[in-house]
S.K.: 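Have a look at this one before I ask anything.
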Amino acid sequence: MPQHDMSQEKRPNIKKILPEGWIEMSVESCEPSVSKAGNQMVIVELFNKETNYSEKIYLVAEQGKRWQLKKLLTACGIEAGKDSVYDWNYEDIVGKEIKVLNEPEDNTWINRSGDEVKTKQNRFVDFEAQAWDEKE
């Protein structure tokens, strides 16, 4: 009888296109990583309660390219010190509720059969703090 260790199996995250415009999301996880090109980056998983959907975004953490990471940190209530240095830990943003500006875009890719596939994908372009009175 075959045996399979299924402890690491997860349900696949089927891509959903979220509405265009500002949407409420929460930061589910945040972890450091390195891109294929060798750039430092941060992988952040955002979750939308309304659609029960999560999506990972990849934020570059290299000097001159950290503008999106800076926007996310600011939206999560983390401010720079007097010297413009952001002193934060990955756990500091997990659980934070923010607003995310989604501008869905076209995405063309080649599937395993070699066929060109055209779809839409979410494109998160900006982040803002979630105002406390908007949650009510």
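Hydrogens, waters and symmetry mates play no part in the numbers below; they use all other heavy atoms, side chains included.
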S.K.: Give me the other members of the hydrophobic cluster that M1 sits in, counting Ile, Leu, Val, Met, Phe, Trp and Tyr linked by side-chain heavy atoms under 4.5 Å, directly or via other members.
M.R.: none

S.K.: Measure the spacing between CD of E28 and OG of S54 and express it to the nearest 0.5 Å.
M.R.: 7.0 Å

S.K.: Step by step, work out the salt bridge (charged side-chain N to carboxylate O under 4.0 Å, His left out) result for R123 and E103.
M.R.: CA-CA 5 Å; R123 182 169 168 251; E103 294 180 356; 3.6 Å; yes

S.K.: Please lay out, stage by stage, how I110 and E116 fare under the test side-chain contact (heavy atoms from CB on, under 4.5 Å).
M.R.: CA-CA 5 Å; I110 307 298; E116 184 175 276; 3.9 Å; yes

S.K.: Mark yes or no for whether Q40, through its side chain, and E62, through its backbone, hold a donor-acceptor pair below 3.5 Å.
M.R.: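 Not confirmed, Q40 side chain does not pair with E62 backbone.
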
S.K.: Does any donor atom in the side chain of S29 or E31 lie under 3.5 Å from an acceptor atom in the other side chain?
M.R.: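 Judged by distance alone, the side chains do not pair up.
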
S.K.: Determine, step by step, whether Q130 and E24 satisfy the side-chain contact (heavy atoms from CB on, under 4.5 Å) criterion, reporting the C-alpha distance in whole Å, the side-chain angles of both residues, the deciding distance to 0.1 Å, and the verdict.
M.R.: CA-CA 8 Å; Q130 178 71 30; E24 295 177 11; 3.5 Å; yes

S.K.: Mind checking salt bridge (Lys or Arg N to Asp or Glu O under 4.0 Å) for K49 and listing every partner two or more places apart, or none if nothing turns up?
M.R.: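 Testing K49 for salt bridge (Lys or Arg N to Asp or Glu O under 4.0 Å), a comparison that skips the adjacent residues, returns E97.
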
S.K.: Mind checking what makes side chain to side chain donor-acceptor pair (under 3.5 Å) contact with T51, not counting sequence neighbours?
M.R.: N48

S.K.: For I43, which fellow cluster members are found when Ile, Leu, Val, Met, Phe, Trp and Tyr are connected by side-chain heavy-atom distances below 4.5 angstrom, either directly or through intermediates?
M.R.: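 Listed partners: M41, Y58.
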
S.K.: Please go through M25's hydrophobic cluster and name the other residues, only I, L, V, M, F, W, Y counting, with side-chain heavy atoms under 4.5 Å joining them.
M.R.: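 Once heavy-atom contacts under 4.5 Å are chained together, M25 belongs with L18, I23, V27, V42, V44, L46, Y53, I57, L59, L69, L72, L73, I78, Y86, W88, Y90, I93, I98, V100, F124, F127.
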
S.K.: Would you mind listing the cluster partners of V94? Hydrophobic ones only (ILVMFWY), side-chain contacts under 4.5 Å, chaining allowed.
M.R.: none

S.K.: Side chain of N89, backbone of E91: donor and acceptor closer than 3.5 Å?
M.R.: no

S.K.: Could you pull out all residues at least two apart from E9 that satisfy side-chain contact (heavy atoms from CB on, under 4.5 Å)?
M.R.: M6

S.K.: Look at atom NZ of K16 and say whether more than 12 heavy atoms of other residues, nucleotides or ligands are closer to it than 6.0 Å.
M.R.: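 Enclosed: over 12 neighbouring heavy atoms sit under 6.0 Å from NZ of K16.
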
S.K.: Looking only at non-hydrogen atoms, find the nearest pair between T108 and K118 and report the distance.
M.R.: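 Between these two residues, the closest heavy atoms are OG1-CG, 3.7 Å.
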
S.K.: In chain order, what residues pass the salt bridge (Lys or Arg N to Asp or Glu O under 4.0 Å) check against D92, with sequence neighbours excluded?
M.R.: none

S.K.: Tell me whether S113 contacts the main-chain N or O of D115 through its side chain, where contact means a donor paired with an acceptor under 3.5 Å.
M.R.: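 Not confirmed, S113 side chain does not pair with D115 backbone.
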
S.K.: Checking D106 now: which residues fulfil side chain to side chain donor-acceptor pair (under 3.5 Å) with it, not counting sequence neighbours?
M.R.: K120

S.K.: Can you list everything that forms a side chain to side chain donor-acceptor pair (under 3.5 Å) with D87? Sequence neighbours excluded, please.
M.R.: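 D87 satisfies side chain to side chain donor-acceptor pair (under 3.5 Å) with no other residue.
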
S.K.: Can you name the residues that form a side-chain contact (heavy atoms from CB on, under 4.5 Å) with Q121, not counting sequence neighbours?
M.R.: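 Counting only residues at least two positions away or on another chain, Q121 forms a side-chain contact (heavy atoms from CB on, under 4.5 Å) with E105, N107.
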
S.K.: Tell me, please, which residues at least two apart from K71 pass salt bridge (Lys or Arg N to Asp or Glu O under 4.0 Å).
M.R.: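 Result, salt bridge (Lys or Arg N to Asp or Glu O under 4.0 Å) vs K71: D126.
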
S.K.: Looking at SG of C76 and CD of E128, how far apart are the two atoms once the value is rounded to the nearest 0.5 Å?
M.R.: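 That separation rounds to 12.5 Å.
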
S.K.: Please step through side-chain contact (heavy atoms from CB on, under 4.5 Å) for the pair N52 and F47, ending with a clear verdict.
M.R.: CA-CA 7 Å; N52 197 33; F47 179 73; 3.2 Å; yes

